[in-house]
Amino acid sequence: MSQPKISPEASFQSNSVLSADRPLTDVGSDCLEYAPFAKMLAEQIGKISLTEGLVMAVCGPWGSGKSTLLNFVLQYLQKKTEAEKPIIVPFNPWWFSGQEALTKHFFDQLQAVLNTKWQSTGQDLLSALGSFADGISEVPIPGAKAGGAVLKAVSKPKDIYSLKTEIDKRLREQKKQILIVIDDIDRLTAEEIRQLFKVIKTVANFPNVIYLLFFDKEIVVNALKDTQTKSGEAYLEKIVQVPFELPLPDNTALEKLLFEKLDVIVADTPDNLFDRNYWINIYLDGIKHFINTPRAIVRLINTLSVTYSAVRGEVNVVDFIAIESLRVFCPTIYDLIRKNPDSFAGYASISSGSFERQRIEELKILHNSWLTSVPEEDRQSVKQLLLRLFPKLQAVWNNSYFGPETGQGRKRLHVCNPDIFPNYFRLAVPSNSISNAEIKSILALTDNQQAFGEKLIELANQKNPDGRTRVRPFLDRLGDYASQDLSLDKISVVIKSLLDIGDQLLRPEDEGQGLFDIGNEYRMGSVIYHFGQQLGQVERFELLREAISEGNALSLIVHKVVVFGQQHGKYEAERSGRESEWDVNEQQLQEIEELVISKIRAAAQTSSFLTTPQLPDVLYVWKCLTDEEEVRQWVQNIIGTDETLVIFLEQFLRTSVSQTTGDSVIRKQYRLDPTQFEPYFAPSGIIDRLRAMIQSNELIGKQAIAVHQFIQEYELRQQGDEPDN
């Protein structure tokens, strides 16, 4: 079959992607090669010469385009000359409810059409039809159930016979074909289907009358089962003399129609969110199975037209089409996935640990259980589709393990990534997330260090509903883009910006809560590491040295120096990995440390040094890299006044949260261990001053908490007790 031609108007009735699932009416819109068959059928109808009635039927499953074919047949018939053109009587039984209404309206429609065509010459025929219709509504149809018969007995059945004989005579005299078209038969109830076919069989076999029926054969055969003790198939064969099976839509034509619609919907989708090879695998393995009728295309396209615009740029377009296909064609499986993210998203570890093995066995039980509930004809396609979407299932069904490529799952917004998974089912970006589109717009600022840095500070000043800043999720996502083909200039802007304004992103609300959470300094450190890994060691060192020399984020700079040093076994850590894996070699580390000491000493001469974020860590590195006395002297000067003393203590105050079993209240706890000051001064030397401050009631906020906590923990230690929090 040749490739179908699609006119500019061919778009399920219009250029709009969204469709009301209406049949096509114009053969110029034919996109499934139905027009040639419709033309042939119209030609045959025009050539038929009848002395008795004829029943033709076109059978096809729901959604296969029967109504479109009917419209095409009617259009070809309308193009014929008046002499060739039959009188067309359209009748849609679905418009009428109840068996009596079907019979009555059938004849009402026949009379109405003939009255329009034969106002002068056919009045005798119309009168006879009217009388016949009144009488036939009182005649029992053979096989009708007692008490459920639509047609009732009359006293003069011979009058009905005479009327039918007169109608036959009048119809032969008119020598004009009457085409009665009946569509949507398969939408009726089983009782209504039986009633309609009994009317056709028993009383409507008039000469020069052709019936053209459209229905799903399987539905009608089941409805006619046991009618007059015959099988549904046998009964239907007695009524329909000329059956046709609707030609199956050409797969190429269906695909062309689907792909053209998808092109419109996904327009402006970022290139990195569409992988053609990945789409081919997803489509052939799973989606194609469900695209078997024009209606299936309409359902999927209509759904995507509404849903994709809400998540454009926040999901991988191929994955989203696949997930929405499941929602349309396998809604129970879609709901199962949505409600069980941990069983689908993420990756199965190849670890041989007993916990991992047990988890895989649990997943096998779960997934093998629901798979049996999928209809057998759909099962393999659903399974293959999910294997493509969720690598974790490879361990369940194929005993294969696939770990994530670095950042690929999240960077490409695949549904298998736990962070991205909710976007596919909420149809909106979660309120505490930062959109992919926004991330890209911010990355576009990496041509200008000042603009990029100002944007990061702006994010730090914006709060999410959970109370944390918007810079936290941005930093979480930023590292995913390190592996992109970024120029040295852009990498340089990212690293220099963080080491310059990074301390302004260290907000208390983003600090790690509890043992397992982490603060923004670790997030920024991870970004610097991943972006730096795109460079060679010499190039990376030159960039780091320049960024540290120019940067003002002293706390973040110190944090990175500690990380560098720990790789070499410094700062109470063991040497890690091979030397080739270190960020900097030993000579480079020494040069960076000397640079950092110079920056700390310069900062210590300013009043703002006291409020440096993470000051205890800065002092620790200062102490490790220089003479301890140098740091002690600075601290002694700071604690010389009560005002600066309480500010200094506040810098060492630590906060954590806890929640006991059965307790719905989250408790905030503070710690301030006096022993951590011993390298700088004796805690006993300031205790009386602090007690006097408390008695004055002049302290407020965290300064008051810091002083109270220092005194409390100092006194507990003096009594030989350890704080229990």
Side-chain angles (χ1 to χ4, degrees), residues 449-450 453-454 456-457 460 471 492 494-508 510-511 519-525 527-528 541-566 570-571 583-584 588-654 676-677 679-681 702-703 706:
Q449 181 177 333
Q450 180 178 352
E454 289 175 350
L456 297 185
I457 295 173
V471 80
S492 175
V494 171
I495 293 177
K496 285 185 175 182
S497 295
L498 292 177
L499 291 176
D500 184 44
I501 54 91
D503 283 6
Q504 299 180 59
L505 310 184
L506 299 175
R507 302 302 174 93
D510 289 338
E511 287 182 2
N520 284 348
E521 68 272 22
Y522 292 96
R523 292 182 172 84
M524 288 186 283
V527 170
I528 293 171
F541 168 68
E542 293 297 333
L543 174 57
L544 287 171
R545 181 174 60 181
E546 184 179 357
I548 290 172
S549 177
E550 298 174 355
N552 294 300
L554 185 61
S555 177
L556 182 59
I557 290 171
V558 166
H559 172 79
K560 287 303 298 179
V561 168
V562 170
V563 171
F564 298 157
Q566 287 175 336
K570 303 181 66 173
Y571 306 110
D583 289 272
V584 294
Q588 292 168 343
L589 175 61
Q590 182 178 351
E591 188 172 341
I592 286 178
E593 287 177 338
E594 291 175 355
L595 182 58
V596 169
I597 286 298
S598 298
K599 295 187 74 69
I600 292 176
R601 285 171 173 163
Q605 304 302 312
T606 66
S607 59
S608 61
F609 184 64
L610 179 58
T611 56
T612 299
Q614 314 292 347
L615 180 63
D617 296 335
V618 175
L619 296 181
Y620 169 74
V621 171
W622 189 6
K623 177 172 66 72
C624 290
L625 296 180
T626 64
D627 183 356
E628 186 174 297
E629 183 60 29
E630 185 178 330
V631 185
R632 183 181 303 154
Q633 184 60 49
W634 180 87
V635 173
Q636 289 291 335
N637 291 335
I638 287 297
I639 66 174
T641 66
D642 290 350
E643 180 181 1
T644 53
L645 172 59
V646 294
I647 295 174
F648 182 73
L649 293 182
E650 183 186 357
Q651 287 279 48
F652 286 79
L653 184 67
R654 293 292 173 260
Q676 64 186 314
F677 299 104
Y680 312 120
F681 61 85
K702 280 196 172 182
Q703 291 183 359

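Positions are given from 1 along the sequence. As the structure is a computational prediction, the values presented were derived from the model and not from experiment. Side-chain atoms are counted along with the backbone in the values below, which use heavy atoms only and exclude waters and symmetry mates.
Interatomic distance, I501 CD1 to I457 CD1, rounded to the nearest 0.5 Å: 5.0 Å. Between R601 atom CZ and L625 atom CG the span is 9.5 Å, to the nearest 0.5 Å. In this structure, the separation between CG on L456 and CD on Q504 is 10.0 Å, given to the nearest 0.5 Å. Within the model, atoms CG of N520 and CG of L505 stand 7.0 Å from one another, a figure rounded to the nearest 0.5 Å. Between L498 atom CG and E521 atom CD the span is 13.0 Å, to the nearest 0.5 Å.
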Quiz item: So E593 and V621, side chain to side chain contact (heavy atoms under 4.5 Å, CB included) or not? Walk me through it.
Solution: CA-CA 9 Å; E593 287 177 338; V621 171; over 6 Å; no
Exercise. Given side chain to side chain contact (heavy atoms under 4.5 Å, CB included), test L544 with I528 step by step and report yes or no.
Key: CA-CA 9 Å; L544 287 171; I528 293 171; 4.2 Å; yes
Practice problem: Apply the test side chain to side chain contact (heavy atoms under 4.5 Å, CB included) to residues M524 and L506: give CA-CA distance (whole Å), side-chain angles for both, the deciding distance (0.1 Å), then the verdict. | Solution: CA-CA 10 Å; M524 288 186 283; L506 299 175; 3.6 Å; yes
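When side chains are defined from C-beta on, I600 does not count as touching T626, because their heavy atoms never get closer than 4.5 Å. You'll find the side chain of D617 stays beyond 4.5 Å of the side chain of H559, heavy atoms only. With a 4.5 Å cut-off on side-chain heavy atoms, K560 and I548 do not count as touching. Between I557 and L595, the closest side-chain pair of non-hydrogen atoms is not below 4.5 Å. Contact check for L619 versus F652: side-chain heavy atoms found under the 4.5 Å cut-off. Residues Q588 and E591 fail the side-chain proximity criterion, which asks for heavy atoms closer than 4.5 Å. Residues V558 and K599 form no side-chain contact, since every pair of their non-hydrogen atoms from C-beta on lies 4.5 Å or further apart. Side-chain contact between I639 and Y680 is absent, with no heavy atoms from C-beta onward closer than 4.5 Å.
Side-chain atoms of R545 do not come within 3.5 Å of backbone N or O of I592 as any donor-acceptor pair. Listed for the S598 side chain is a donor-acceptor partner under 3.5 Å among the backbone atoms of E594. A distance-only check finds no donor-acceptor pair linking the side chain of D503 to the backbone of P613 [under 3.5 Å]. When atom types are taken as modelled, the side chain of T606 and the backbone of A603 share a donor-acceptor pair closer than 3.5 angstrom. Formation of a donor-acceptor pair under 3.5 Å by the Q651 side chain with backbone atoms of L610 is found in this model. A donor-acceptor distance shorter than 3.5 angstrom exists from the side chain of D500 to the backbone of N552, with no hydrogens or angles considered.
The two residues E628 and P679 come nearest to each other via the heavy atoms OE2-O, 3.6 Å. In terms of heavy-atom proximity, S497 sits nearest to G453 at OG-N, 4.2 Å. Of all heavy-atom pairs between L556 and G502, the closest is CD2-CA, 4.1 Å. Residues V561 and L589 come closest through the heavy atom pair O-CD1, 4.5 Å. Between A547 and L499, the closest heavy-atom pair is CB-CD1, 3.6 Å. Here the closest non-hydrogen pair linking C624 and Y571 is CB-CE2, 3.9 Å.
Residue-environment remark: CD (E643) stays at or below the threshold of 12 foreign heavy atoms within 6.0 Å. More than 12 heavy atoms of other residues, nucleotides or ligands lie within 6.0 Å of CD in Q636, so this atom counts as buried by the packing criterion. Y522 OH: 12 or fewer foreign heavy atoms inside a 6.0 Å radius.
Using cut-offs of 30° and 60° on the angle between ring planes, the pair F648 and F677 is tilted.
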